[in-house]
Structure formats: C-alpha cells, structure tokens
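So the structure is just underneath, and the comments pick up after that.
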Amino acid sequence: MDRAARDEICRLSATELAARIGASEISPLEATDAVLERIAAVDGALAAYCTLAPDSARDQARTLADRIARGEQVGPLAGVPVGVKDLITTKGIRTTSGSPAYEDFVPDEDDIVVERAVAAGAVVLGKTNASEFGYSATGHNPLFPTTRNPWNTALTPGGSSAGSAAAVAAGLGPAALGSDGGGSIRVPAAHCGLVGFKASMGRVPVWPGCRDERYPGVSGWESLEHLGPLTRTVADTALVLAVLAGPDPRDRHSIPCGDVDWTAAARPTDITGLRIAYSADLGYLPVDPEVGRVVADAVRVFETDLGCHVEAADPGWKDPGEAFAALIAAETDLRGMRRLISVHGERMSPHLVEMMQRDWTAEEFTDATMVRKSVVNRMARFMRDYDLLITPTTAVPAFPVGIQGPTVIDGRTVPDTAWTGFTSPQNLTGQPAISVPAGFTRDGLPVGLQITGRHLADGQVLRVAAAFERAAPWAGRWPGDPA
C-alpha cells in the first residue's frame with residue numbers, strides 16, 4: 001500500500017472506517033496494515049506504543065474478513081484498529097503498567113473493556129504507553145521511551161493515557177482505550193486535541209484492573225478509576241461507549257445503562273435554553289492566560305451560537321488536591337507496593353516511591369474521606385441550579401517532557417500537580433465529564449474544554465459536546481507528521 005492510500009485510511013474516523021469495512025470498501029486487513037505501516041513510519045518519534053502485537057492483530061483482521069465474506073453479522077467496531085493503554089490487561093499481550101515490577105507480565109485474561117471491544121470486532125494493535133501505574137499525568141515511565149505530543153514532540157501529550165492520546169492524534173488508530181482516575185483520559189485529550197470522555201462511575205465496568213488483589217499497584221484507585229475511549233469525534237466516542245458500557249457482576253460498582261442511547265446522544269440536537277455554569281478557575285486554580293483566552297472564546301459559542309444561558313459561577317469547595325493524593329494512597333496496597341519497592345525501587349519512578357514510602361496516618365485518610373464528601377455534597381447542591389458545568393480541562397497547555405508539571409502558573413508558585421486540578425473533582429463525585437477541543441493557543445497547541453454533567457446525565461453531556469462540535473468543528477485539523 002502506498003503512503004497516500006495508507007494515510008487516507010488512517011485519517012478516517014472510527015465511525016467512517018467501520019461503515020466502509022461493513023460495506024466491503026476496505027478490508028479489515030487493509031485497515032490494520034495501513035495503521036501498522038504508519039506506526040512503523042512515525043511512532044519512533046512519538047513512542048505512543050510500547051508493545052505492538054502485529055501478528056495477532058493481522059490474525060484478528062483476517063478472521064473478520066472471512067466472516068464478512070461469508071455474510072455473517074459483525075460487530076459495530078468490526079475491523080477498527082485500536083490501541084489499549086498498558087494499564088489495561090490484555091490476554092496474551094504483555095501488560096507492564098509502565099513498571100519494572102511487571103516488566104514481563106503477560107495476563108491470562110482480558111479486562112472487560114477489551115473483551116467487549118474484541119467481541120464487537122475491534123482489532124487490538126497493542127499496548128499504548130503510560131506513566132508508571134498511572135501515578136502521573138504525563139507520559140514517562142522507567143521502562144519505555146517517553147511519549148511525546150504529535151503537535152510538538154518536545155512537549156508532553158499529557159497522561160497517564162499518554163500513548164493512547166498520542167496514537168489517536170497522530171493517526172495511529174482512530175480510537176484507543178484509556179483509564180481515568182483523576183483526569184487521565186481527559187488531560188491527554190486536551191493536550192492532543194481529542195475527545196476524551198469519563199462516563200459516570202459504573203457505566204463502564206472495570207475488572208480485573210484496580211480490583212485484583214494479587215497485583216500491588218495494579219489494584220489501586222478502586223473508587224476513583226474509570227475506563228473509556230479517546231477519539232477524534234464525539235460520534236466515535238459514542239460508538240465505542242455503546243460497546244463498552246453496561247453492567248458486569250465482576251465490578252460491584254457497575255450500573256445498568258439502558259437510560260442512555262449512546263449513538264443517538266452523539267447526534268447534534270438543539271440545546272437552546274440549557275443552564276450552564278462557567279468557572280474559569282474553580283475559585284482557586286491559577287490558569288495560563290492562553291488557556292483562559294481560548295476557553296472563554298469557546299464558552300461564548302454556547303451563548304451566542306447555541307442559545308444556552310451561561311453564568312459565571314464556582315461550585316464553592318476548597319482545593320481538594322492534598323485530599324485526593326491521600327485517597328489514592330488509601331486505596332493502594334501499601335504493604336504490597338513497599339514489597340515491590342524493596343526489590344525494584346531503584347528502577348521505579350521517584351515520585352511514586354516517595355508516595356508509597358510516606359508515613360501516612362489514619363487521620364490523613366479519614367480527613368480525605370471527609371473532604372471528598374464535602375466536594376460531592378457541594379457539587380450536588382450546585383448542580384441543582386445548572387444543567388452543566390464548563391471549565392478548562394487543564395490549567396496549562398502542553399509543557400516540556402521530563403517534568404511532572406509546571407511549578408509556576410500565571411506568576412503563582414504551585415505544586416507540580418496543580419495543572420490537573422480541573423479534572424480530579426469529577427473522579428471524587430463520579431459525574432460524567434468530557435474534554436473536547438476548545439481551540440488552539442497562539443503557538444498552535446490544543447486547548448481542552450471540559451463539560452461536566454449532573455450525576456448519570458451521560459447522554460446530555462454527549463449531546464452538548466456534539467452540538468459544540470457542530471458549531472466549532474475541530475476534526476479536520478491534524479498535526480504534521482513528526483520528523
């Protein structure tokens with residue numbers, strides 16, 4: 001396949017590609033080969049994938065092609081190549097979680113989301129790079145080259161679903177699976193110009209990830225973790241969620257999803273009259289002026305073009321950043337992690353080792369639980385008056401690789417995690433939240449707009465995102481190929 005034909009396939013959305021495969025205009029093997037060839041051509045500069053599985057991907061594609069040729073019914077993702085974050089287990093494909101402790105770990109079972117994607121016909125290309133156990137919102141770990149942003153390879157794509165975001169942004173698969181314990185789908189979506197949706201807690205079941213007590217590090221974040229897609233369009237996000245969502249008895253938090261028609265929700269509709277709260281900083285976060293400018297311009301679209309009632313308002317809680325870190329530690333197998341550190345600590349991420357070896361107190365854990373309850377309650381009261389809350393997704397655009405985050409934002413000295421402060425509250429509350437492209441900085445970097453809905457109002461969040469996409473389309477803008 002020549003480069004032009006390959007790149008044409010790689011620029012198709014998941015929805016378009018699935019339709020063309022279903023119509024026998026493109027074969028699953030052609031689609032898989034096109035993406036694998038593009039990975040070979042450009043991923044050396046990005047490090048989006050850490051473990052490729054080309055042989056099994058081609059086997060999947062051939063099987064699907066045979067089924068289509070026999071006239072069999074195939075799933076809605078039939079032939080769509082996808083990447084799977086390296087924190088999500090894949091049967092027979094190495095899953096390291098970005099850690100030396102699991103360098104050679106090959107699971108004997110798929111995560112539920114992988115089971116469902118494969119059953120729907122998705123072709124698993126391999127594993128996408130992530131920070132170690134997801135304990136960073138960037139794309140570096142001790143095992144693999146650092147993932148870089150396709151819009152500027154000197155910069156981070158965000159994380160921890162770094163490889164999944166970089167892959168989709170660069171055309172190395174039209175969709176990828178990520179995980180989000182504090183913004184790890186939405187943050188890289190914002191930095192890479194993508195759609196990233198964290199559905200309501202329990203919409204997409206999680207297992208064995210964060211629930212299998214045999215694997216320290218892998219088994220953390222249970223009440224915070226969500227899985228979901230990164231894509232280029234709202235319709236593609238809905239297509240994947242229609243496959244992934246729904247209860248499973250292995251996840252005690254999973255809930256029925258019959259109240260949401262995912263595909264219908266992604267069709268743009270009239271959202272005139274919706275009441276939207278716009279918080280530029282949640283009342284306490286410093287924000288890069290370029291991010292503030294781009295998001296403010298995007299918010300005006302809701303008022304002037306879409307007919308919504310927009311009001312500046314803050315939810316009213318204090319910064320829960322320290323409490324969030326304590327909740328992560330409280331849900332971690334500290335004893336197990338410390339055993340791993342005793343063996344592998346010299347090769348593990350310093351910030352992770354420091355967090356695991358800290359002498360946490362019971363009071364810190366219970367104080368954090370009380371902070372969480374306060375955020376949940378204040379948000380519930382706040383959302384009585386509004387249909388949606390809109391904020392920036394991140395406080396800064398993409399920054400240089402190799403750091404956890406900037407320590408100065410808009411002239412204020414902050415912790416190096418402060419730039420993710422817009423996304424973690426929704427993991428505390430479990431509300432649906434989506435990041436969509438808001439526009440670009442003057443330096444050409446993507447900026448994300450976060451739309452948060454009421455508890456369980458996933459369909460409305462998708463409808464509003466689709467309406468904004470129609471009013472301010474973004475999918476036609478691509479980064480240049482990395483050198």
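For reference, positions follow the sequence shown, starting with 1.
The minimum heavy-atom distance linking E222 with E331 is given by the pair N-OE1, 2.8 Å. Here the closest non-hydrogen pair linking G196 and A189 is N-CB, 3.6 Å. Taking each heavy atom of L194 and P437 in turn, the nearest pair found is O-CD, 3.5 Å. Across every non-hydrogen atom of V114 and V84, the tightest pair is CG2-CG1, 4.0 Å. Looking at every heavy atom in both residues, S164 comes nearest to L177 through OG-O, 2.8 Å. Of all the heavy atoms in A398 and L445, the pair that sits closest is O-CD1, 3.9 Å.
Put simply, CD1 on I112 and CG on D248 are 3.5 Å apart, with the number rounded to the nearest 0.5 Å. Here the OH-CG distance, from Y135 to N141, works out to 15.0 Å after rounding to the nearest 0.5 Å. Taking CG of L241 as the reference point, atom CZ of R203 lies at 10.0 Å (rounded to 0.5 Å). Separation of atoms CG (D305) and CD1 (I271) is listed at 10.0 Å; rounding is to 0.5 Å. The line from CD of Q450 to OG1 of T391 is 4.0 Å long, rounded to the nearest 0.5 Å. Distance CG/L456 to CE/M201: 12.0 Å, rounded to 0.5 Å.
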TODO: Could you walk me through whether S219 and D212 pass the side-chain hydrogen bond (donor to acceptor under 3.5 Å, both in side chains) test, one step at a time?
DONE: CA-CA 5 Å; S219 58; D212 194 329; over 6 Å; no
TODO: Using the salt bridge (Lys or Arg N to Asp or Glu O under 4.0 Å) rule, take E115 and R250 through it: C-alpha gap first, then chi angles, then the decisive distance, then the call.
DONE: CA-CA 13 Å; E115 284 181 2; R250 292 169 289 184; 3.1 Å; yes
- [ ] Determine, stepwise, if the pair L327 / L428 fulfils side-chain contact (heavy atoms from CB on, under 4.5 Å).
- [x] CA-CA 9 Å; L327 287 170; L428 298 177; 3.5 Å; yes
- [ ] Check the pair S179 / S184 against side-chain hydrogen bond (donor to acceptor under 3.5 Å, both in side chains), numbers first and verdict last.
- [x] CA-CA 6 Å; S179 62; S184 287; 5.8 Å; no
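The existence of a salt bridge linking R293 and E290 is confirmed by a sub-4.0 Å separation between a basic side-chain nitrogen and an acidic carboxylate oxygen.
The closest side-chain donor-acceptor pair between S161 and K85 falls under 3.5 angstrom. Residues T441 and D443 bring no donor and acceptor atom of their side chains to less than 3.5 Å of each other. No hydrogens or angles considered: nothing links the side chains of S131 and S136 as a donor-acceptor pair under 3.5 Å. No donor-acceptor contact under 3.5 angstrom links the side chains of S349 and H351, judged on distance only. Side-chain contact, T423 with R186: no donor N or O sits under 3.5 Å from an acceptor N or O.
Between W151 and H191 there is no side-chain heavy-atom pair separated by less than 4.5 Å. Here the side chains of T138 and I403 are not in contact, with every heavy-atom distance at 4.5 Å or above. The closest side-chain heavy-atom distance from R58 to L36 is below 4.5 Å. Side-chain contact between D458 and F197: present, with at least one pair of heavy atoms (C-beta onward) separated by less than 4.5 Å. Using a 4.5 Å heavy-atom threshold, the side chains of L46 and T153 count as touching. Looking at heavy atoms from C-beta onward, V291 lies in side-chain contact with P397 at the 4.5 angstrom threshold. Considering only heavy atoms from C-beta on, D333 stays 4.5 Å or farther from E213 through its side chain. L224 is listed as a side-chain neighbour of I328, based on a closest heavy-atom distance under 4.5 Å.
Between the side chain of N149 and the backbone N or O of T156 there is at least one donor-acceptor pair closer than 3.5 Å. Judged by distance alone, the side chain of D86 and the main-chain N or O of T96 form a donor-acceptor pair under 3.5 Å. When atom types are taken as modelled, the side chain of K127 and the backbone of L87 share no donor-acceptor pair closer than 3.5 angstrom. In this structure, the side chain of D236 engages the main chain of T15 through a donor-acceptor pair within 3.5 Å.
A side-chain hydrogen bond (donor to acceptor under 3.5 Å, both in side chains) with H140 is found for one member of R148, Q404, E132 and no other, namely Q404. Of the listed residues (D43, D481, D33), just one forms a side-chain hydrogen bond (donor to acceptor under 3.5 Å, both in side chains) with R38, and that residue is D481.
By the 6.0 Å contact criterion, NE2 on H344 is enclosed, its count of non-hydrogen atoms from other residues, nucleotides or ligands being greater than 12. The number of heavy-atom neighbours closer than 6.0 Å to CD of E25, taken from other residues, nucleotides and ligands shown, is above 12.
Classified by interplanar angle (parallel below 30°, tilted 30° to 60°, perpendicular above 60°), the ring pair Y215/F105 is tilted. In this structure, F133 and Y102 have perpendicular ring planes: the angle between them is above 60°, well past the 30° mark.
Remark: T237 engages T231 in a side-chain hydrogen bond (donor to acceptor under 3.5 Å, both in side chains) (not counting sequence neighbours).
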